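Before any comments, here is the structure.
Remember, predicted model here, so these are calculated numbers, not experimental data. Computation of the quantities below employed the complete heavy-atom set of this structure, encompassing side-chain atoms and omitting hydrogens, waters and symmetry-equivalent molecules.
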Amino acid sequence: MSAEATNPEARPEALPELRRRGRTRLDLRRLGRAALLGPTPRDRLPDAIGHVAEAHRAHHPDADLSILRRAYLLAETSHRGQMRKSGEPYITHPLAVTLILAELGAETTTLTASLLHDTVEDTDVTLDQVRTEFGDEVCFIVDGVTKVEKIDYGAAAEPETFRKMLVATGNDVRVMSIKLADRLHNMRTLGVMRPEKQARIAKVTRDVLIPLAERLGVQALKTELEDLVFAILHPEEYEHTRALIAAHAGERDPLPAIADSVRAVLRDAGIAAEVVVRPRHFVSVHRISLKRGELRGSDFGRLLVLVGENADCYAVLGELHTCFTPVISEFKDFIATPKFNLYQSLHTAFATPEGSVAEVIVRTRQMHRVAEAGVVALGNPYTALPSAEQTAAADCEEERVDPTRPGWLSRLLDWQQSAPDPDTFWDVLRSELAQDREITVFRADGGTLGLPAGASCIDAAYAQYGEAAHGCIGARVNGRLTSLSSRLSDGDTVQLLLAHDASSGPTADWLDHAKTPAARIAVSSWLEAHPDGARPADAAPRPPLSVIGLRSGGGNAVADLPDATVRLAGCCTPVPPDAVEGFVVRGGAVTVHRVHCATVAQMRAVGRTPVAVHWRATADCRVTLLAESFGRPHLLADLTEAIAREGVEVVSATVEPPVEQRVRHSYTLQLPDATGLPALMRAMRDVPGVYDVSRA
């Protein structure tokens with residue numbers, strides 16, 4: 001691997017993204033030289049932190065910089081004498097990290113913690129000292145950053161490090177902001193390390209840090225990290241892309257002229273807007289080249305239109321689609337439906353009379369700030385809390401509630417506690433981070449669930465009920481009965497149906513449909529704890545995924561076994577006066593079967609001793625009926641109504657897929673009197689389209 005491939009900043013011919021980084025590196029070298037001079041008098045900011053102060057004041061004109069001066073003085077003093085592998089004084093690293101965050105608009109508390117983020121781990125500075133001099137918030141963030149790097153678990157070091165990072169992030173997203181900036185600066189200076197170590201760090205950055213930056217909405221960090229990783233892990237593709245960009249730099253770029261046309265259109269429409277050309281970064285150019293093959297001049301950048309209000313965004317869109325030829329397939333409205341990482345914009349594209357196609361992003365200036373900096377742009381997430389909540393947060397630092405914490409992060413924090421094995425954690429973390437979209441589904445009780453795109457009813461069950469979802473046996477989506485394997489769409493309403501039977505549980509095929517880590521880990525754990533299968537070996541088979549409800553109980557059956565819990569088997573649903581036998585299952589319960597049930601023969605064949613069972617005098621019973629019918633609209637509703645008119649309760653129902661326009665229905669029913677069974681079956685046969693009803 002060449003030195004240039006591992007250090008893209010060394011290429012002066014690289015386009016704006018890398019040239020911008022080159023200017024930043026130049027500034028950082030000046031910061032390093034200033035740091036060598038040591039602390040300055042207390043009546044002014046040290047020269048080394050002047051760049052940070054300038055960037056901070058650009059976003060926060062009224063910021064009090066005195067705390068930054070004190071933090072720098074402590075950091076410089078504590079790190080004095082420490083050197084980086086590059087030969088620079090160590091203080092250049094926290095300065096560089098803080099400058100990155102200041103340019104993104106981070107608030108003063110974050111910048112203060114950033115300057116101090118390595119002091120507790122690498123110097124004699126203590127958390128108590130940080131708390132005394134800078135307050136609880138700064139101390140909390142520094143402690144969170146420190147916890148991320150404290151423990152080494154040998155081969156499991158990376159998974160455990162990021163588990164710690166995840167937990168710390170859940171308490172305060174500013175911790176992750178600092179860690180992302182920390183990784184960016186380390187990636188910028190990675191050229192001093194051995195190629196194999198560069199590759200290892202780049203892979204971790206690709207698999208975990210870049211997806212985390214995406215989910216926290218910090219696009220400015222994400223795109224630069226992508227380019228740095230691209231150069232290290234894919235040097236040949238990087239060189240090809242660099243050559244494409246360099247060749248384009250020598251050609252006429254159509255985008256500036258198109259931008260002028262857009263400015264004229266918006267000016268004539270009376271819309272105040274700023275229109276700029278945004279060059280694509282290296283990875284973006286690479287992706288476009290893979291998608292489109294030969295690149296056109298307009299493919300190397302996009303137009304960014306910034307306006308004042310949300311309504312102006314749609315006004316701009318209307319003008320663009322009126323005055324140019326829109327490419328409708330490229331239109332996306334992320335204002336009405338924001339991405340899970342807070343991103344909002346309108347995306348569109350149009351063709352010019354000259355044949356160029358220009359991609360356009362339209363957003364307000366506030367949307368632009370959030371799109372670039374994500375959670376960093378939101379400032380201190382706790383300032384908006386009522387005073388009582390702030391006091392509670394200060395009293396219980398480990399149980400903070402972050403109003404900016406997205407749903408995906410809450411899910412990760414929930415399941416990481418259930419994945420003690422580092423390899424499992426690592427695999428599932430990367431799987432979760434690979435999800436590129438989140439959907440919102442509505443619970444039947446009025447709440448909402450945030451799930452990754454492609455999630456099934458199984459995922460919804462575990463998201464809503466946790467381990468209680470082991471007993472889930474069906475669902476209604478938008479009021480319709482459906483299987484647990486059904487995929488959910490954004491805006492669906494889901495009602496999960498749970499069995500009250502402890503013998504119910506997931507089966508291995510649930511793993512084929514579970515997408516979320518919470519569901520997969522829970523199902524896998526349950527199956528490992530029940531190696532004989534989803535239900536006890538001597539229990540009735542588990543209902544299919546399409547069953548829609550179940551309540552267990554012994555009904556009128558009584559076993560000749562003192563204090564034993566009795567339940568009727570779902571495979572044969574015995575009713576009085578059926579001849580029955582029972583078998584003891586796990587937990588001491590007795591499952592009752594009809595004597596001719598196939599399960600009885602299996603139990604006897606393996607040497608299981610039957611338990612005598614008799615019926616009580618009461619005639620209340622449960623039975624399963626099969627209805628054969630021709631398919632037609634509203635058939636299920638008509639059958640259910642006929643059953644209800646007979647005063648019978650539907651315990652569960654399944655409808656098999658139609659075969660040659662014939663449909664098979666299965667109903668488990670609770671009858672108040674067994675003598676009413678013949679009349680019920682006649683009433684079901686009278687429903688138009690039904691040609692047979694029989695006992696299961």
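In this model, no donor atom of one side chain and acceptor atom of the other lie less than 3.5 Å apart for Thr109 and Arg174. Defined by atom type and a distance below 3.5 Å, a donor-acceptor pair is missing between the side-chain atoms of Thr146 and Asp143. For Thr110 and Glu107, the side-chain atoms include at least one donor-acceptor pair closer than 3.5 Å. Using modelled atom types and a 3.5 Å distance limit, the side chains of Tyr465 and His470 yield no donor-acceptor pair. A donor and an acceptor atom, one from each side chain of Thr668 and Thr624, are located under 3.5 Å apart.
Across every non-hydrogen atom of Leu104 and Ala220, the tightest pair is CD2-CB, 3.6 Å. Ala460 and Leu449 get closest at one heavy-atom pair: O-CD1, 3.7 Å. The two residues Ala181 and Val97 come nearest to each other via the heavy atoms CB-CG1, 3.6 Å. Listed here is the closest heavy atom pair of Ala463 and Leu451: CB-CD2, 3.9 Å. Between Arg520 and Lys515, the shortest heavy-atom contact is CD-O, 4.3 Å. Across all non-hydrogen atoms, the minimal contact from Cys139 to Leu127 is SG-O, 3.6 Å.
Within 6.0 Å of atom NZ in Lys332, more than 12 heavy atoms from other residues, nucleotides or ligands are found, so the atom counts as buried in its surroundings.
Residues Val650 and Leu669 have side chains in contact (heavy-atom distance under 4.5 Å, counting atoms from C-beta outward). Under the 4.5 Å side-chain criterion, counting only non-hydrogen atoms from C-beta, Leu511 is in contact with Leu527. Counting heavy atoms from C-beta on, the side chains of Thr205 and Arg183 come closer than 4.5 Å. Between Val145 and Lys179, some side-chain heavy-atom pair lies under the 4.5 Å cut-off. When side chains are defined from C-beta on, Val130 counts as touching Val138, because their heavy atoms get closer than 4.5 Å. Contact of the Phe583 side chain with the Thr591 side chain is not registered, since no non-hydrogen atoms from C-beta on lie closer than 4.5 Å.
A donor-acceptor contact shorter than 3.5 Å is absent between the side chain of Asn478 and the backbone of Asp492. Under a 3.5 Å cut-off, the side chain of Gln344 and the backbone N or O of Ile335 do form a donor-acceptor pair. The backbone N or O of Val600 lies less than 3.5 Å from no partner atom in the side chain of Arg608, so there is not a single donor-acceptor pair. Panel note: side chain Arg206, backbone Ile201; no donor-acceptor pair is recorded below 3.5 Å. Checked by atom type and distance alone, the side chain of Ser456 pairs as donor or acceptor with a backbone atom of Ile458 at under 3.5 Å.
We find the CZ-CD distance between Arg443 and Gln464 to be 4.0 Å, quoted to the nearest 0.5 Å. In this structure, CG in Leu216 is found 6.5 Å from CG in Leu212, a value given to the nearest 0.5 Å. If you take NE2 on His513 and CG on Asp459, they are separated by 11.0 Å, rounding to the nearest 0.5 Å. To the nearest 0.5 Å, atom CE of residue Met603 and atom SG of residue Cys597 are 9.0 Å apart. To the nearest 0.5 angstrom, Thr223 atom OG1 is 7.0 Å from Glu226 atom CD.
Relative orientation of the His665 and Tyr667 rings is parallel, given thresholds of 30° and 60° on the angle between their planes.
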